[in-house]
Participant: 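Right, I'll just put the structure down here and ask away after.
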Amino acid sequence: MTQIDLRIFTEPQQGASYDDLLAVAKATEDLGFDAFFRSDHYLVMGDGDGLPGPTDAWTTLAGLARETSRIRLGTLVSSATFRHPGVLAIQVAQVDQMSGGRVELGLGAGWFAREHEAYGIPFPEKRFGILEEQLAVITGLWETPVGETFSFRGEHYTLTDSPALPKPAQERVPVIVGGHGPRRTPALAARYASEFNAAFPDPGVLPERFENVRAACLDADRDPDSLVYSAAFVVAVGKDEAEFRRRADAIGREPDEVRRNGLAGTVSEVADKIAAAAEQGATRFYLQVLDLHDLDHLDLIASEVVPQLP
């Protein structure tokens with residue numbers, strides 16, 4: 001079986017400062033996890049005040065690029081509604097340089113209308129075409145040889161003789177695309193992505209999601225095995241039942257529900273769930289950590305769950 005990557009995935013809009021995120025990122029690195037990722041949102045979801053307020057995803061990652069040395073850094077996922085693609089291409093390339101080539105870009109169409117209203121960001125009703133053009137522009141800018149220019153004319157964006165600078169440190173920044181659709185999103189992944197992510201899948205749907213992407217790759221004359229297939233799950237692990245239930249309660253989740261839908265339960269349960277999802281095709285897991293002050297949770301996963309994985 002292919003080695004399993006475990007990545008820590010945070011939701012700072014629920015209430016976290018940069019220092020909170022730095023502590024989690026350093027623990028992520030020290031404990032041997034593969035990467036630190038964060039969402040790209042500007043408004044708290046559900047109950048809670050969101051204090052001290054939102055942090056910008058790419059500003060955060062720029063800071064972490066200088067304060068970590070090994071882990072990969074990225075977004076799951078940035079919203080195409082938040083930034084012009086030329087600007088985002090510059091930002092990601094610069095953070096990649098700042099990190100020594102450790103950045104990955106997850107990009108999606110955006111969905112949370114209320115945060116757009118709250119911060120005056122336009123939220124078009126139809127956004128898939130915007131996402132498609134952004135992927136074309138960003139990858140086109142990065143792939144243009146130094147000394148040549150890049151031009152693009154689409155329905156949403158026009159670029160004329162761009163110098164297509166700066167270049168990322170990596171020859172190819174990994175691009176992550178995910179979604180639930182059976183056709184359009186898999187086609188985008190096959191064309192532009194290094195990784196397809198199934199975010200919070202219902203039990204049993206991973207094989208179908210991944211097969212849709214594999215079929216899209218074959219339609220695009222691409223080797224389906226050239227993509228990484230990943231999944232994101234909320235995580236709540238306890239060394240015993242009482243500790244698991246305490247952690248589920250701390251993140252506002254009913255224990256039976258989160259056990260059914262997430263990587264949740266006792267250490268052996270969670271290890272078995274990861275192994276089962278790996279059998280269904282996932283080789284990379286984003287562990288959605290919702291209590292960013294519970295660093296002992298990360299330590300438990302690293303010290304007791306990881307050794308049980310295949």
Side-chain angles (χ1 to χ4, degrees), residues 1-12 16-40 55-78 91-107 142 166-176 178 193-197 226-233 235 237 263 270-271 274 278 282-310:
M1 181 181 291
T2 303
Q3 181 176 346
I4 295 171
D5 291 335
L6 296 184
R7 298 181 158 194
I8 300 303
F9 171 37
T10 62
E11 300 277 0
S17 67
Y18 173 77
D19 286 339
D20 294 331
L21 295 171
L22 175 60
V24 176
K26 286 188 171 180
T28 298
E29 183 155 277
D30 293 343
L31 292 169
F33 292 102
D34 181 59
F36 172 93
F37 269 61
R38 59 157 293 163
S39 61
D40 193 354
T55 49
D56 179 77
W58 287 100
T59 303
T60 297
L61 295 175
L64 296 180
R66 308 303 285 183
E67 299 197 74
T68 59
S69 61
R70 178 188 61 79
I71 50 174
R72 308 289 295 177
L73 300 166
T75 52
L76 200 70
V77 292
S78 287
Q91 290 173 318
V92 176
Q94 183 179 359
V95 178
D96 195 51
Q97 291 177 357
M98 293 168 70
S99 71
R102 293 184 285 124
V103 159
E104 304 187 12
L105 170 64
L107 190 63
W142 291 338
K167 301 301 184 194
Q170 298 174 86
E171 182 176 350
R172 179 182 174 90
V173 171
V175 172
I176 304 163
S194 305
E195 175 180 334
F196 175 80
N197 178 258
S226 65
L227 269 79
V228 173
Y229 297 87
S230 66
F233 297 93
V235 65
V237 189
L263 296 176
V270 171
I274 292 173
T283 60
R284 179 172 290 162
F285 293 82
Y286 292 84
L287 309 181
Q288 186 195 42
V289 176
L290 295 176
D291 185 351
L292 298 183
H293 300 286
D294 184 5
L295 299 183
D296 289 341
H297 193 194
L298 303 189
D299 183 69
L300 177 68
I301 297 167
S303 63
E304 298 200 26
V305 175
V306 170
Q308 295 189 33
L309 298 179

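Residue indices begin at 1 and follow the sequence shown.
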Participant: So His297 and Val235, side-chain contact (heavy atoms from CB on, under 4.5 Å) or not? Walk me through it.
Facilitator: CA-CA 9 Å; His297 193 194; Val235 65; 4.1 Å; yes

Participant: Is there a side-chain contact between Ser230 and Arg7 (heavy atoms, below 4.5 Å)?
Facilitator: no

Participant: Nearest 0.5 Å please: distance from the CD1 atom of Ile71 over to the CG atom of Asp34.
Facilitator: 9.0 Å

Participant: Taking atom CD1 of Ile301 and atom CD1 of Ile8, what is their separation to the nearest 0.5 Å?
Facilitator: 5.5 Å

Participant: Which atom names give the shortest non-hydrogen contact between Ser78 and Asp40, and what distance separates them?
Facilitator: OG-OD2, 2.8 Å

Participant: What closest approach, in Å, do Trp58 and Leu105 show between heavy atoms, and which atom pair accounts for it?
Facilitator: CZ2-CD1, 3.7 Å

Participant: State, with a plain yes or no, whether a side-chain heavy atom of Val95 is found less than 4.5 Å away from one of Leu73.
Facilitator: no

Participant: Are the side chain of Gln170 and the backbone of Val103 linked by a donor-acceptor contact shorter than 3.5 Å?
Facilitator: yes

Participant: Could you tell me the separation between the CZ atom of Arg284 and the OH atom of Tyr229, rounded to the nearest 0.5 Å?
Facilitator: 13.0 Å

Participant: Backbone N or O of Gly106 within a donor-acceptor pair of the Thr75 side chain at under 3.5 Å?
Facilitator: yes

Participant: Are any non-hydrogen side-chain atoms of Thr68 and Arg102 less than 4.5 angstrom apart?
Facilitator: yes

Participant: Which atoms form the tightest heavy-atom contact between Ala302 and Pro307, and what is the distance?
Facilitator: O-CD, 3.6 Å

Participant: Taking all non-hydrogen atoms of both residues, which atom of Pro166 and which atom of Ala93 are closest, and how far apart?
Facilitator: O-CB, 3.6 Å

Participant: Under 4.5 Å between any side-chain heavy atoms of Val305 and Leu300, yes or no?
Facilitator: no

Participant: Between Ala57 and Ser39, what is the shortest heavy-atom contact and its length?
Facilitator: CB-O, 3.9 Å

Participant: Between the main-chain N or O of Thr283 and the side-chain N or O of Gln3, is there a donor-acceptor pair closer than 3.5 Å?
Facilitator: no

Participant: Are the side chain of Arg70 and the backbone of Glu29 linked by a donor-acceptor contact shorter than 3.5 Å?
Facilitator: yes

Participant: Mind checking the NE2-CG spacing from His293 to Asp20? Nearest 0.5 Å is all I need.
Facilitator: 4.5 Å

Participant: Could you walk me through whether Leu21 and Thr55 satisfy the side-chain contact (heavy atoms from CB on, under 4.5 Å) test, starting with their C-alpha distance in whole Å, then the side-chain angles of each, then the deciding distance to 0.1 Å, before giving a yes or no?
Facilitator: CA-CA 10 Å; Leu21 295 171; Thr55 49; 3.8 Å; yes

Participant: Give the intermediate values and the outcome of side-chain contact (heavy atoms from CB on, under 4.5 Å) for residues Asp96 and Trp142.
Facilitator: CA-CA 12 Å; Asp96 195 51; Trp142 291 338; over 6 Å; no

Participant: Just how far is it from atom CZ of Arg38 to atom CG of Leu292, taken to the nearest 0.5 Å?
Facilitator: 10.0 Å

Participant: Side chains of Gln91 and Leu61: closer than 4.5 Å at any heavy-atom pair?
Facilitator: no

Participant: How are the rings of Phe285 and Phe233 set relative to one another: parallel (under 30°), tilted (30 to 60°) or perpendicular (over 60°)?
Facilitator: parallel

Participant: With heavy-atom distances below 4.5 Å as the criterion, would you say the side chains of Pro310 and Ile4 are in contact?
Facilitator: yes

Participant: State, to 0.1 Å, how close Arg172 and Ser194 come at their nearest heavy-atom pair, and which atoms those are.
Facilitator: NE-OG, 3.5 Å

Participant: Mind checking the OG-CD spacing from Ser99 to Glu67? Nearest 0.5 Å is all I need.
Facilitator: 13.5 Å

Participant: With a 3.5 Å distance limit and no angle check, can you tell me whether Arg66 reaches the backbone of Met98 through a side-chain donor-acceptor pair?
Facilitator: yes

Participant: Measure the shortest side-chain to side-chain distance between Asn197 and Leu76 over non-hydrogen atoms and say whether it is less than 4.5 angstrom.
Facilitator: yes

Participant: Please report the C-alpha distance between Phe37 and Glu104 in whole Å, then the side-chain angles of each, then the deciding distance to 0.1 Å, and finally whether the side-chain contact (heavy atoms from CB on, under 4.5 Å) criterion is met.
Facilitator: CA-CA 9 Å; Phe37 269 61; Glu104 304 187 12; 3.8 Å; yes

Participant: Would you call Leu309 and Leu6 a side-chain contact if the rule is heavy atoms closer than 4.5 Å?
Facilitator: yes

